[in-house]
Amino acid sequence: MMKYTPQIIEKKWQKYWEENDSYEPDSSHDKPKKYILSMFPYPSGRIHMGHVRNYSISDAISRHYRKNNFNVLHPIGWDSFGMPAENAAIKHNLHPKKWTYENIDYMRSELSSLGLSFSKKREFATSDELYSKFEQEFLIKMFNEGLLYQNTQSVNWCQTCHTVLANEQVVDGCCWRCDNESELKLMPSYSIAITKYAQELHDDLKKLENGWPKQVITMQKNWIGRSEGLEFALEFTDKSKELLDGKFDSFEVFTTRPDTIYGVTYSALAADHEIVNYLIQNNKIPQAAQDRLLKIQNQSERDRNIADKEGVELGLHVIHPFTKEEIPVLVANFVLSSYGSGAVMAVPAHDERDFEFASQYNLPIKTVITPKSGELVTDRAYTEAGLLIDSGEFSGMNSTKAGSSIIYHFEKNSMGKRKVNFKLRDWGISRQRYWGAPLPFIKCDSCGIVPVKKEDLPVTLPKDVKISGEGNPLDNHPTWKYTTCPTCGKDAVKETDTMDTFVQSSWYFLRYVSENLQDKPYNDEDVKYWMGVDQYVGGIEHAILHLLYARFFTKALRDLGYIDIDEPFSNLLTQGMVLKDGAKMSKSKGNTVDPSSIIQKYGADTARMFILFAAPVAKELEWNDSGVEGAFRFIKRFTNRAENVTLNTLPSIDHKSLSKEEKLARKKVYEALKKSNEIYEEGFGFNTLIAASMEALNALNTQSNEKIWSEAYYILTNILEPIAPHICWEIASEKFNLKNFKKLEILEEVFVEDSMKLALTINGKKRAEVEVEKTLSKDEILTLAKEELSSWIDGKNIIKEIYVPNKLVNIVVK
RNA sequence: GCGGACGUGGUGAAAUUGGUAUACACGCCAGACUUAGGAUCUGGUGCCUCACGGCGUGGAGGUUCAAGUCCUCUCGUCCGCACCA
């Protein structure tokens, strides 16, 4: 009897795969390819169950396609820049680089204990200087093409730590490390002009509809926030122009509801609109109003979101473009300067915010849209479409038609134009950090910002660095930043900001397509062959940021002439979280399960099988120790029964001559094979594939035909190999010399049966079951059914008789 | 508030085109083997009922010979966005 000893056989096969380079892709491009990618890990120190789930899924997919004769690329690497390394440096006085690369070594060994079929020769870390070199080349190109720029913008700043905080590092308005309140500060920083691609990023979501989860597409759509409308200028009255010293004649507003334009009763500006700033700087409004404006200006985004509506009168008026009435201009705290033109036309009768604001400040409310049917309500804003009233020549039109007519009118008379606006903002990539990729620019007093010369790349981090948590370590370094200007040769300083780590993860999938080239990031032929990623697997938490940035980078690199694809990830699978006791596993909650201890106790195959069996891949997975035991027991049983295999090849079997049990066993085995072909095409239902395999083993146990056992293991070790590779390699090599690891044909004959089971139902309710020969006619079957069901029919009228072949008979009685 | 997803046994979950609800597993119960069992094997297990039978996929209606599946309304849970004009 084969004894199941995962600790021994798993080591054995891992060593074998390593020594034979079993999972390196072919360098030739002859075969059809599959690029299977799991989101690369941050080397935090140890792997967690989320990693196990992620890589178990991508590994199963990779192994499946490899056996089906695809050339498979399934790489792994490390997203290795980032703040935890600096925090470790502060806390434990470790150099970030040492901490990071030691973590990588440890996690690499943890991952290999899972038996993952990674293409290891392409492994790299994003903190490798070579990777930075190519990335810096991309960034310089972006800079030269105007896709990367520097400006001064408002950032989250911690006064205590003297550093900029990323949005996600501000927790409840406070610095996540020192807990002091974070504030907004104007600082020079680098931004990538992702907004130039807003339209394409929006439009190309259509191309992903079949390959990406709907939810992710929706989230990206919302984030990009495309909206169509009308942009036009509101002109000041002469008196107001005078107040503004003739500096401003008008300002632009944007609306998605041009049909409501006759309902405009006031206009609102953002608190930091340039006109408002002019009024403040030139002392044109009372001190009290200025104070309130400054207060609103300095409010953090978070405070602003929860604040009540607040307005400040400016004493300015504009002229309504149609009615020529004078309407007041105010500052409203809910108007954002970062969206549209930072100013709105306000229609209180048909916009909730405008209504609330108008009620609060006693501004007029003028109804111009009525519902097509039903009563018009006036105690709140009516925001639906309807019919226009009191709207001059547009009265009587419906909203949609009026909207386009009004835009047409504006365009014809050069008063305004159709406009598309996006919520998406440019991507600020400056971080005042040490452990990040340096920005390859030099600041020169005479020449401004100058890219580092190509031959001087990469710009690398200094090794000797003091990381105290205060200030920017690169800026504080005694010598690092001093250099000379590449253009004029005068003294200059290097840029001391480093890049957001999302820059590295925006193109790592391109680096994998070639094997560690030293002189360029990748070969063009390799990109052509391997891209796009056929299956991307990762957590839903990256639904917006990473996936949007990577999509953008792909398009930008395309336009810069580097690559020739539009979208990087053809298919996306977002796995669910791993929970314990109903909550996400986390150290602070103390509900973690360490993958390594599970592997030690049960083996990697058990861990992998449990995690794929316990829930559908996209759903949350509740960790359950008894469930793990169940997976372990199945693998043990599967191993023990292998003793019934006596033939070392696929036997030929005369199906017709088999007993009922034997036929059923074969059918279950081939059903599992069929399932295994289906799930990789659609849905990745590993849970049902494993269930089908369990059913097959249960059915096999009811008979003892050696041929059937041998055939079954020939097939089952093949289809379970992607899930539990070690034990399947062990059994398949022992019994079949691994000859069964290839595409297997489905024998349709095992599904052909001469009899069928029929449910006998009365009014749709199952009352009996019969097994009948398939040769019986419909009438014979109905007669038989009525006999079987006589006790239910007697004394009643039969109204209808329905026979569905292979399924049921339904007799309708009254 | 807006948008999306989802509600099936004690638990995780199955269920082609509408066609036998609860596959598979966990747990539980009983038995076998055993010095022992938290190992292994066998059988049972939706709920109510002694039984006949009845009821069952969040709830209420509807379509249909037939509804977990389709339609309408409703309740609940989760997720995302959240003053974007």
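First the proteins, then the strands, lettered A, B, ... as listed; each starts at 1.
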S.K.: In terms of side-chain geometry, is the basic nitrogen of A:Glu231 or A:Arg418 positioned less than 4.0 Å from the acidic oxygen of its partner?
M.R.: no
S.K.: What is the distance from CE of A:Met219 to P of B:rA5, rounded to the nearest Å?
M.R.: 14 Å
S.K.: Let's test this: given Watson-Crick or G-U wobble pairing with both distances under 3.5 Å, identify the partner of B:rG1.
M.R.: B:rC81
S.K.: Could I get a table of every N or O pair under 3.5 Å where one atom is in the protein and the other is in nucleotides 18-20 of chain B?
M.R.:
residue: B:rU20; atom: O2; partner: A:Lys766; partner atom: NZ; Å: 2.6
residue: B:rU20; atom: O2; partner: A:Glu769; partner atom: OE2; Å: 2.9
residue: B:rU20; atom: N3; partner: A:Glu769; partner atom: OE2; Å: 3.3

S.K.: For nucleotides B:rG54 and B:rC71, find the distance between their P atoms and express it as a whole number of Å.
M.R.: 31 Å
S.K.: State whether a side-chain donor-acceptor pair under 3.5 Å links A:Asp203 with A:Gln199.
M.R.: yes
S.K.: How close or far is atom C1' of B:rA14 from atom NZ of A:Lys619, stated in whole angstroms?
M.R.: 11 Å
S.K.: So, A:Asn421 versus A:Ser227: side-chain donor-acceptor pair below 3.5 Å or not?
M.R.: no
S.K.: Going by purine N1 to pyrimidine N3 plus the second Watson-Crick contact, or the G-U wobble pair, all under 3.5 Å, which nucleotide sits opposite B:rU11?
M.R.: B:rA25
S.K.: Does the distance from a Lys or Arg side-chain N to an Asp or Glu carboxylate O, for A:Lys309 and A:Glu356, drop under 4.0 Å?
M.R.: yes
S.K.: Just how far, in rounded Å, is P of B:rC79 from NZ of A:Lys221?
M.R.: 23 Å
S.K.: Determine, for nucleotides 55-64 of chain B in 5'-to-3' order, which nucleotides have protein heavy atoms under 4.0 Å from the base (write B), from only the sugar-phosphate (write S), or from neither (write -).
M.R.: -B--------
S.K.: Between B:rA14, B:rA85, B:rC81, spot the one nearest the side chain of A:Phe254, thanks.
M.R.: B:rA85
S.K.: Check whether any side-chain nitrogen or oxygen of A:Lys636 sits under 4.0 Å from OP1 or OP2 of B:rU40, and answer yes or no.
M.R.: yes
S.K.: If the cut-off is 4.0 Å, is A:Ser227 near the phosphate of B:rA85, judged by side-chain N/O to OP1 or OP2?
M.R.: yes
S.K.: Distance check, P atoms only: B:rG68 and B:rC83, in whole angstrom units.
M.R.: 43 Å
S.K.: For A:Lys786, does the NZ atom have more than 12 heavy-atom neighbours from other residues, nucleotides or ligands under 6.0 Å away?
M.R.: yes
S.K.: Taking protein heavy atoms under 4.0 Å as touching, what does nucleotides 24-32 of chain B look like 5' to 3' if B marks base contact, S marks sugar-phosphate-only contact and - marks none?
M.R.: BSSS-----
S.K.: For A:Asn210 and A:Trp212, test the side chains for any donor-to-acceptor distance below 3.5 angstrom and give the result as yes or no.
M.R.: no
S.K.: Less than 3.5 Å apart, any donor N or O on the side chain of A:Ser399 or A:Asp259 sitting next to an acceptor on the other?
M.R.: yes
S.K.: Take the protein atom CD of A:Glu681 and the nucleotide atom P of B:rU16, then report the distance between them rounded to whole Å.
M.R.: 18 Å
S.K.: Searching all strands shown, indicate the nucleotide that pairs with B:rG18 (Watson-Crick or G-U wobble; both distances under 3.5 Å).
M.R.: none
S.K.: How many Å lie between CD on A:Glu541 and P on B:rC81, as a whole number?
M.R.: 13 Å
S.K.: Please tell me whether A:Glu773 and A:Ser755 have a donor and an acceptor in their side chains that are separated by less than 3.5 angstrom.
M.R.: no
S.K.: Just how far, in rounded Å, is C1' of B:rA13 from CD of A:Glu620?
M.R.: 14 Å
S.K.: Starting at the 5' end of RNA chain B and moving along, which residue's nearest nucleotide shows up first, A:Gly225 or A:Ile811?
M.R.: A:Ile811
S.K.: Using purine N1 to pyrimidine N3 plus N6-O4 or O6-N4 for Watson-Crick, or N1-O2 and O6-N3 for G-U wobble, both under 3.5 Å, which nucleotide pairs with B:rA36?
M.R.: none
S.K.: Thinking salt bridges, do A:Glu209 and A:Lys214 make one under a 4.0 Å N-O criterion?
M.R.: no
S.K.: Could you tell me the separation between the CD atom of A:Glu678 and the C1' atom of B:rA15, rounded to a whole number of Å?
M.R.: 14 Å
S.K.: At their closest point, which heavy atom of A:Arg257 faces which heavy atom of A:Glu384, and how far apart are they?
M.R.: NH2-O, 3.5 Å
S.K.: Mind calculating the distance between CD (A:Gln215) and C1' (B:rC78) to the nearest angstrom?
M.R.: 10 Å
S.K.: Quick check: closest heavy atoms across A:Arg53 and A:Glu620, and the distance to 0.1 Å?
M.R.: NH1-C, 4.1 Å
S.K.: Could you check which nucleotide pairs with B:rC41 in any of the strands shown, counting Watson-Crick or G-U wobble with both distances under 3.5 Å?
M.R.: B:rG31
S.K.: Can you tell me the pairing partner of B:rC73 across any strand shown, Watson-Crick or G-U wobble, with both distances under 3.5 angstrom?
M.R.: B:rG59
S.K.: Taking only Lys NZ, Arg NE, NH1 and NH2, and the carboxylate oxygens of Asp or Glu, determine whether A:Lys663 and A:Glu661 approach each other closer than 4.0 Å.
M.R.: no
